[in-house]
Amino acid sequence: MKVRIEVVAIDSLMVRLFDAIDEANMPWILAASQRLNSAFGQHLVDLVPSYTTLMVQFDLSPAQARALIDQALAGLQPDTGSTGRRHEIPVWYHSSVGPELPLLAARAGMSEAEVIRLHSEREYPVFALGFAPGFGFMGLVDERLASPRLSTPRKRVAAGSVGIAERQTAAYPAVSPGGWNLIGRTPVRLFDRERDGYSLLQPGDRVRFVAIDHAQFIDLGGDDRPLEGQA
């Protein structure tokens with residue numbers, strides 16, 4: 001692995017560890033995050049880990065920042081002891097709230113129940129947060145479930161909607177536009193201003209989706225109103 005440093009802004013550098021998304025990247029990203037946090041200390045303004053990179057924002061000169069990065073990442077080894085928190089997120093998989101569920105099943109030549117089983121049997125690492133506060137990009141889903149984003153994004157996706165885009169999966173933390181293939185909905189609040197850190201999910205966490213029925217979904221406070229334009 002060759003560490004590359006790229007300029008983002010006068011006070012920000014991108015540390016690139018990998019070129020391709022892979023679950024095996026995460027122990028390296030987490031180890032680098034810990035070392036950079038420690039090395040920059042009070043001079044660290046923000047540190048944003050992602051699939052293959054870490055964006056470092058600082059209040060030092062770029063030369064000083066580069067020197068700290070080089071020093072911090074010398075001899076980097078993957079962090080195999082810290083895997084983040086594990087979350088079980090309940091999901092009501094149904095076409096009224098996940099209109100692409102039958103489409104994914106038809107495309108893959110399987111039943112909706114099989115799609116649900118494949119999606120919920122894996123434990124997904126959280127690669128990054130982005131797009132919206134608390135939106136965790138997770139993966140990788142079974143190759144048979146991989147689906148391109150919608151050609152025309154929806155103007156309004158309900159909070160809690162669970163979807164798939166290519167081999168990634170995610171749950172929308174709030175009402176927003178979106179182009180992911182929706183297959184269900186969770187009652188879990190993914191972003192809460194009253195929560196320490198705001199976001200339920202953080203990079204390095206692991207998520208297992210758990211299928212629940214409609215009654216359980218309602219008991220947990222879920223909103224079962226169909227998406228606009230869906231019966």
Side-chain angles (χ1 to χ4, degrees), residues 84-126 129 131-147 149-150 153-202 205-231:
R85 294 173 298 170
R86 185 180 186 276
H87 307 271
E88 288 193 350
I89 295 181
V91 179
W92 176 42
Y93 294 93
H94 194 271
S95 58
S96 66
V97 293
E100 277 73 60
L101 177 59
L103 297 179
L104 262 65
R107 183 183 298 158
M110 61 180 67
S111 67
E112 291 181 22
E114 183 69 2
V115 171
I116 294 168
R117 183 188 69 79
L118 289 175
H119 186 257
S120 61
E121 71 179 3
R122 290 195 176 193
E123 191 171 81
Y124 302 104
V126 179
L129 298 182
F131 170 65
F135 190 102
F137 292 87
M138 295 171 266
L140 297 168
V141 301
D142 188 288
E143 290 182 355
R144 289 168 287 182
L145 301 184
S147 300
R149 288 173 171 79
L150 303 181
R154 292 185 171 91
K155 294 181 179 179
R156 187 181 188 279
V157 175
S161 295
V162 176
I164 292 173
E166 303 300 342
R167 291 194 65 193
Q168 296 181 85
T169 186
Y172 287 75
V175 175
S176 70
W180 290 44
N181 299 274
L182 305 183
I183 58 175
R185 192 176 294 174
T186 179
V188 173
R189 180 172 292 184
L190 298 164
F191 182 81
D192 187 345
R193 295 184 185 277
E194 302 301 319
R195 178 188 289 125
D196 183 25
Y198 303 135
S199 175
L200 174 66
L201 306 178
Q202 295 295 330
D205 286 359
R206 304 190 71 83
V207 172
R208 181 78 176 264
F209 294 104
V210 179
I212 59 174
D213 60 28
H214 181 253
Q216 291 172 305
F217 179 75
I218 295 300
D219 286 345
L220 291 171
D223 178 0
D224 65 351
R225 288 175 293 181
L227 292 175
E228 294 179 6
Q230 299 293 329

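Residues: numbered from 1 along the sequence shown. On a predicted model such as this, the values are computed, not experimentally measured, just so you know.
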Query raised in the report: Is the number of heavy atoms from other residues, nucleotides or ligands under 6.0 Å of R208 CZ greater than 12?
Result: yes
Query raised in the report: For the atom pair CG (L140) and CG (L145), what is the distance rounded to the nearest 0.5 Å?
Result: 11.5 Å
Query raised in the report: What distance separates L227 CG from R154 CZ, expressed to the nearest 0.5 Å?
Result: 5.5 Å
Requested in this report: For residues L103 and N181, determine if any side-chain heavy atom of one lies less than 4.5 Å from a side-chain heavy atom of the other.
Outcome: no
Requested in this report: Considering non-hydrogen atoms only, spot the tightest contact between A211 and I116 and give its length.
Outcome: CB-CG2, 4.0 Å
Report task. Please name the pair of heavy atoms, one in G139 and one in P125, separated by the smallest distance, quoted to 0.1 Å. Result -> O-CD, 2.8 Å
Query raised in the report: Rounded to the nearest 0.5 Å, how far apart are CZ of R144 and CE of M110?
Result: 5.0 Å
Query raised in the report: Roughly how far apart are D223 CG and W92 CH2, rounded to 0.5 Å?
Result: 10.0 Å
Requested in this report: List the atom of P173, the atom of A132, and the distance in Å for their closest heavy-atom pair.
Outcome: CG-CB, 4.5 Å
Report summary line: Which of M138, R122, E123 passes side-chain contact (heavy atoms from CB on, under 4.5 Å) with F209? Answer is M138
Query raised in the report: Mind checking whether Y124 and V141 have side chains closer than 4.5 Å, heavy atoms only?
Result: yes
Query raised in the report: Does a side-chain heavy-atom distance below 4.5 Å link V97 with L182?
Result: no
Query raised in the report: Can you list the residues that meet the salt bridge (charged side-chain N to carboxylate O under 4.0 Å, His left out) rule with R149, with sequence neighbours excluded?
Result: none
Query raised in the report: Are the side chains of P177 and K155 in touch, meaning some heavy atoms are under 4.5 Å apart?
Result: no
Requested in this report: For residues V91 and I183, determine if any side-chain heavy atom of one lies less than 4.5 Å from a side-chain heavy atom of the other.
Outcome: no
Query raised in the report: Considering all heavy atoms of both residues, which atom of V115 and which atom of A105 are nearest to each other, and what is their separation?
Result: CG2-CA, 3.6 Å
Report task. Classify the angle between the aromatic ring planes of W180 and F135 as parallel (below 30°), tilted (30 to 60°) or perpendicular (above 60°). Result -> perpendicular
Query raised in the report: If you take all heavy atoms of V188 and P90, which pair is closest and at what distance?
Result: CG2-CD, 3.5 Å
**Report entry** Exceeds 12 heavy-atom contacts within 6.0 angstrom, atom CZ of R107
**Finding:** yes
Query raised in the report: Which residue pairs pass the side chain to side chain donor-acceptor pair (under 3.5 Å) test with at least one member in residues 109-119, sequence neighbours excluded?
Result: Y93-H119, E114-R117, R117-E121, H119-T169
Query raised in the report: Backbone N or O of S96 within a donor-acceptor pair of the H94 side chain at under 3.5 Å?
Result: yes
Query raised in the report: Sub-3.5 Å donor-acceptor pair from the side chain of D205 to the main-chain atoms of G84, do we have one?
Result: no
Requested in this report: Apply the test side chain to side chain contact (heavy atoms under 4.5 Å, CB included) to residues E100 and L150: give CA-CA distance (whole Å), side-chain angles for both, the deciding distance (0.1 Å), then the verdict.
Outcome: CA-CA 10 Å; E100 277 73 60; L150 303 181; 4.2 Å; yes
**Report entry** Under 3.5 Å donor-acceptor, R185 side chain and G222 backbone
**Finding:** no
Query raised in the report: Is any side-chain heavy atom of Q216 less than 4.5 Å from a side-chain heavy atom of D213?
Result: yes
Report task. Give the intermediate values and the outcome of side chain to side chain contact (heavy atoms under 4.5 Å, CB included) for residues L200 and D192. Result -> CA-CA 8 Å; L200 174 66; D192 187 345; over 6 Å; no
Query raised in the report: Looking only at heavy atoms, which two atoms of T186 and A171 are closest? And how far apart?
Result: CG2-CB, 4.3 Å
